[in-house]
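First the proteins, then the strands, lettered A, B, ... as listed; each starts at 1. Computed from a predicted model, the values in this text were never measured in an experiment.
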Amino acid sequence: MSEQNSRASVVILGASFLLFPLLLCGLALVLYGHVTNGAFVRFGNSLLTSYTIASFVLLFSLFVYGDKRKRPISPLVGMLGAALVGVMISFMFLSQGDLLMEANGSIRAQALSNIIRFSTTFIAISISALIVGGISFASLMNSPTKQHIFDEEE
Amino acid sequence: MEETVLAIFFFWAPGAVFVMGALMFLFAKESSVKRAGQILVGVGILTILLAPWTIPFSPSSSFGHFIGSIVGPTALLAVGIYNLSFSGNVPVGRLSMSERRSGIVMIMLGVLWFEGMHWWILTPTYPAEVNGYWFIFWSTTLLVSTGLAAGAIMLTRRVGDNRIQEQRLLTVVLLMLVSLVIMGFAFDGPRVDAERFAHEFWLAGADVFGMLVGFSLAIFVFAFVIAFYESQLPEPSRLPAPTEDELTRAAGIIAAHTEGGTSDE
């Protein structure tokens, strides 16, 4: 029973992060019906770009892992392969005409545009974390000092 | 062709330098490499900030313009939050009351600056229309902040003990953010159309969701690669069992360290 409760509380906690963004997106949809235009293309581009960039960052982190493991080659090759798969799939989908292409003249321009947009979204998420995390931390640091549970030893 | 080379030289190469510097700073162990990483980050970001002047013909330069537009309010928010946090109940290195007041003023100015970009004439405009990257940034910031604020309220309810003050403050922040989004949907700003904002908000949702899925996939693949490699490693060679002599010697050493002793020890 307690395990079920803790699982339910984790689900509620996860849902609380998604509730307001979903409600606000729903409101935008109700107010202006056609706001979803281009959303699938943006989702696809964002997914492929973030997968590829994250794979390269994780590949770089394998050098740190390698220091503790006598520098093995096979995980590096495996992760490089995974990152290159991301690059290849991105270019394959971008070359399929309108599937993932936006108002950019060439595949290269679209790929570069995706990278800049990824950076913009990443900056926005970082600043959101700064605002919410910073305000929570500032409030925490400015709350009254709590009483100790046990008396200090004389 | 020449324009492409200039764009590579003044935008993409500094971008790569920035990323390389950040990775060096994050992952390197030696302080000299970390310092070199910091320098590379500084050089990269400065060159990107100069893009509207160095490569005004390139579409990439609008990203440099966008970064330049948000540096001011972001720095005000960051320094303000730092001052406010470390002027509270900090046992060591507590900041003064004047720094606390300046922190509050900085946070208010930072928020007003960001709001002025939506509701006043401060909207980043480059070269003649609203910078598209600012639209992406602003809608994503509002979208993610509402999610984080609601999640943080729930987190303090579940995990924290007697965190009423934090919950109240986060609820005020959440209500402010939701109000701003609804106002953005309902009313046009001087340069920001309500319908365009609603559209960008949806696209921001698609971007963030795509990013979450992409990151999750990459982490899953990474874990799979490591687990696969570890499963292929040969078993470590086993040592032979200890002999009678070794066991007797070990028992003697243990006994010497566990028996006897005086009250002085």
Against chain A, label B:Phe66 side chain, backbone, both or neither, depending on which of its atoms sit under 4.5 Å from a heavy atom there. side chain
Residue B:Glu129 excluded, over 12 heavy atoms near CD under 6.0 Å: no
Just verifying a value: how many Å separate A:Thr120 OG1 and B:Ile136 CD1, rounded to the nearest 0.5 Å? 5.5 Å
Decide yes or no for B:Met211 and A:Ser46: does some side-chain heavy atom of the first lie under 4.5 Å from some side-chain heavy atom of the second? yes
Quick one: are B:Val213 and A:Phe43 in side-chain contact, heavy atoms under 4.5 Å? yes
Applying a strict 4.5 Å limit to non-hydrogen atoms, the region of A:Leu130 in contact with chain B is both
Just so I understand: if I count every heavy-atom pair under 4.5 Å between each of B:Ala204, B:Gly88, B:Gly147 and chain A, which residue has the most? B:Gly147
Among all residues two or more places apart in sequence or in another chain, which pass the salt bridge (Lys or Arg N to Asp or Glu O under 4.0 Å) test with B:Arg100? none
Heavy-atom donor-acceptor pair, B:His199 side chain to A:Asn37 backbone, under 3.5 Å: yes
Residue part contacting chain A, namely of B:Leu174, when any heavy atom lies under 4.5 Å: side chain
Could you tell me whether a side-chain N or O of A:Ser128 sits under 3.5 Å from a main-chain N or O of B:Thr141, the two making a donor and an acceptor? yes
Nearest 0.5 Å, please: how far is CD1 in A:Ile131 from OG1 in B:Thr74? 8.0 Å
Please examine the side chains of A:Leu112 and B:Trp12, heavy atoms only from C-beta on, and report whether any two atoms are closer than 4.5 Å. yes
Answer yes or no: is there a side-chain heavy-atom contact under 4.5 Å between B:Phe222 and A:Ser55? no
Min side-chain heavy-atom separation A:Leu24-B:Leu143 under 4.5 Å: no
Nearest heavy atoms of B:Gly151 and A:Ser16, plus distance in Å: CA-OG, 3.5 Å
Which atoms of B:Leu169 come close to chain A, meaning under 4.5 Å heavy atom to heavy atom: side chain ones, backbone ones, both, or neither? side chain
Run the side chain to side chain contact (heavy atoms under 4.5 Å, CB included) check on B:Ile70 and A:Ile127 step by step: do they pass? CA-CA 10 Å; B:Ile70 63 160; A:Ile127 289 179; 4.1 Å; yes
Hey, is CZ on A:Phe17 packed in by over 12 heavy atoms from elsewhere, all under 6.0 Å? yes
Using modelled atom types only, decide if a donor and an acceptor are shared between the side chain of A:Tyr32 and the backbone of B:Phe185 within a distance under 3.5 Å. yes
Euclidean distance, B:Leu148 CG relative to A:Ser136 OG, rounded to 0.5 Å: 9.0 Å
Heavy-atom proximity to chain A below 4.5 Å, by part of B:Trp134: neither
Turns out that what part of B:Ile153 lies under 4.5 Å from chain A's heavy atoms comes down to neither
